[in-house]
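Below, chains carry the letters A, B, ... as their sequence lines are ordered, and counting in each starts from 1. Keep in mind that the numbers below use all heavy atoms, side chains included, and drop hydrogens, waters and symmetry copies.
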Protein chains: 2
Amino acid sequence: MAQETGLSRLSLALLGLIFQQPQTGYDIRRLFATTPLGHISNSPGAIYPALKRLEQARWIRGKAGQGKTRRRRVVYEITAQGRKVLEQHLARPITQGDVVWHLDELILRFAFMDQVLGGEPTVRFLQDYAREIDAHVADLRRYLDGVRDLMPTCGRLALENGIESYEMHAQWARRAIRELQSNV
Amino acid sequence: MAQETGLSRLSLALLGLIFQQPQTGYDIRRLFATTPLGHISNSPGAIYPALKRLEQARWIRGKAGQGKTRRRRVVYEITAQGRKVLEQHLARPITQGDVVWHLDELILRFAFMDQVLGGEPTVRFLQDYAREIDAHVADLRRYLDGVRDLMPTCGRLALENGIESYEMHAQWARRAIRELQSNV
DNA sequence: GTCCGCATGTAAGGCGTTACATGATTAA
DNA sequence: TTAATCATGTAACGCCTTACATGCGGAC
């Protein structure tokens, strides 16, 4: 499906949403069209094929179902195998590479995590997340300090944008940890 | 090359870097491998084909050149046409869609902007950037206020992550504007 | 009876990823 | 002379994007 893990961002979102409750492709399209989740995708040409792939992998199962009317519609629900894949995917440890290349996927994993894995693994995930980000920020700052005066102004500002973005993520994670722990 | 604009993120980076100074593919690979710019790509399987495409489009031109040694190496330099394309690409107005789907590409455009377009267009770009982000943040907050109590905890926290991320970008832009204006 | 919303798709194309391939040159 | 580094690629694959296609049901 996707390179390292077997789950592209879109597939992960689909699997997570269908885990939350059985849905049709159209339900998900509407969700993507009307909520911020839509930043993941907004085209049927991605969603329907992705659902097919998930079904072929036996991670979801489509059933002919009816909504309010009796139009043809396929309601997908997650399988036991799909649950297992989702759990394993969400439980994977965070690497430096994830932080550099797949930060948004980490957030997506987090978004489903409490319902799939429960509270404690979620908190641990955020702790790892914050730690990896701190390490990466340290790297970036070291680099910036070394070349600050050599860089074109906008290049430097763009790099600072990246650093501040990571710092914001770490702050957010620590706030989220506090909030999750106060709710236990 | 890419959908709306004719320049994928990688191609934009390549064109911008070659605009800054003539380079070989290997130079750029090293740059990607050793600087934060590398978050764009790190594989020769992407870089060399992209350079070929840019050359076929006549936006860059490869010349056999020698570095310190006399190994075969191709030094690429930007053409007049390439300069024009780069200018036009960087000068494109910012849309809401850019903010939702291509935020990182906007930052990349910004990174080359002062050298390609000069200071005033760069400041205007940042003003537009901040304004579009403010609008999007308002949308997201409106949505969040409507469904806050219905969302699973991690889902809400993930959404807040997105909102705070955008807010940080707007703050950064305003700081960058001040800095650019104080340097004129 | 026509138009809009529901619901599911297909087709073409592009680009990035991983992995592998190839040779030439310098340092040990 | 062996290994590492320089330097440039190719091949297979997967997924997303845009655009187009289809057909039913309800509302007016």
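If you check the side chains of A:H169 and A:E164, you find no donor sitting under 3.5 Å from an acceptor.
Residue B:S41 has a polar side-chain atom (N or O) positioned under 4.0 Å from OP1 or OP2 of C:dT17. Residue A:R53 places at least one side-chain N or O under 4.0 Å from the OP1 or OP2 atom of D:dC16. OP1 and OP2 of C:dG16 both lie 4.0 Å or more from every side-chain N or O belonging to B:S43.
For B:E120, the CD atom counts as loosely surrounded, since its 6.0 Å shell holds 12 or fewer non-hydrogen atoms of other residues, nucleotides or ligands.
Here C:dA7 presents its P atom at 14 Å from CD1 of A:I47, a figure rounded to the nearest Å. For the pair A:L54 CG and D:dG14 C1', the computed distance is 14 Å after rounding to whole Å. As rounded to whole Å, 16 Å separates atom C1' of D:dT8 from atom CD of B:Q23. Counting to the nearest Å, the P atom of D:dC16 and the CD atom of A:E105 are 12 Å from each other. Rounding to whole angstrom units, CZ of residue A:F32 and P of C:dA7 are separated by 17 Å. At whole-Å resolution of the value, CG in B:N42 and P in C:dT17 are 7 Å apart. For the pair A:L51 CG and C:dA7 P, the computed distance is 14 Å after rounding to whole Å. Here D:dT17 presents its P atom at 11 Å from NE2 of A:H39, a figure rounded to the nearest Å.
A salt bridge does not link A:R92 with A:E87: every distance from a Lys NZ or Arg NE/NH1/NH2 to an Asp or Glu carboxylate oxygen is 4.0 Å or more.
A donor-acceptor pair is defined here as one N or O able to donate and one able to accept, closer than 3.5 Å; such a pair exists between the side chain of B:E55 and the backbone of B:G62. Within the 3.5 Å criterion, the main-chain N or O of B:F125 finds no donor-acceptor partner in the side chain of B:D128.
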Listed pairs, N/O of protein and of nucleotides 8-12 of chain C, under 3.5 Å:
{"unit_1": "C:dT8", "atom_1": "OP1", "unit_2": "A:V74", "atom_2": "N", "d": "2.7"}
{"unit_1": "C:dT8", "atom_1": "OP2", "unit_2": "A:Y26", "atom_2": "N", "d": "2.9"}
{"unit_1": "C:dT8", "atom_1": "OP2", "unit_2": "A:Y48", "atom_2": "OH", "d": "3.3"}
{"unit_1": "C:dG9", "atom_1": "OP1", "unit_2": "A:K52", "atom_2": "NZ", "d": "3.1"}

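For the pairing with B:D139, the side chain to side chain donor-acceptor pair (under 3.5 Å) check across B:R141, B:R142, B:H136 returns one residue only, B:R142.
The side chain of A:L10 approaches D:dC16 more closely than any other nucleotide in the set C:dT17, D:dT17, D:dC16.
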Does the pair B:W172 and B:F110 meet the rule for a ring pair (Phe, Tyr, Trp, His ring centres under 6.0 Å), with working shown? CA-CA 12 Å; B:W172 164 84; B:F110 168 77; 5.2 Å; yes

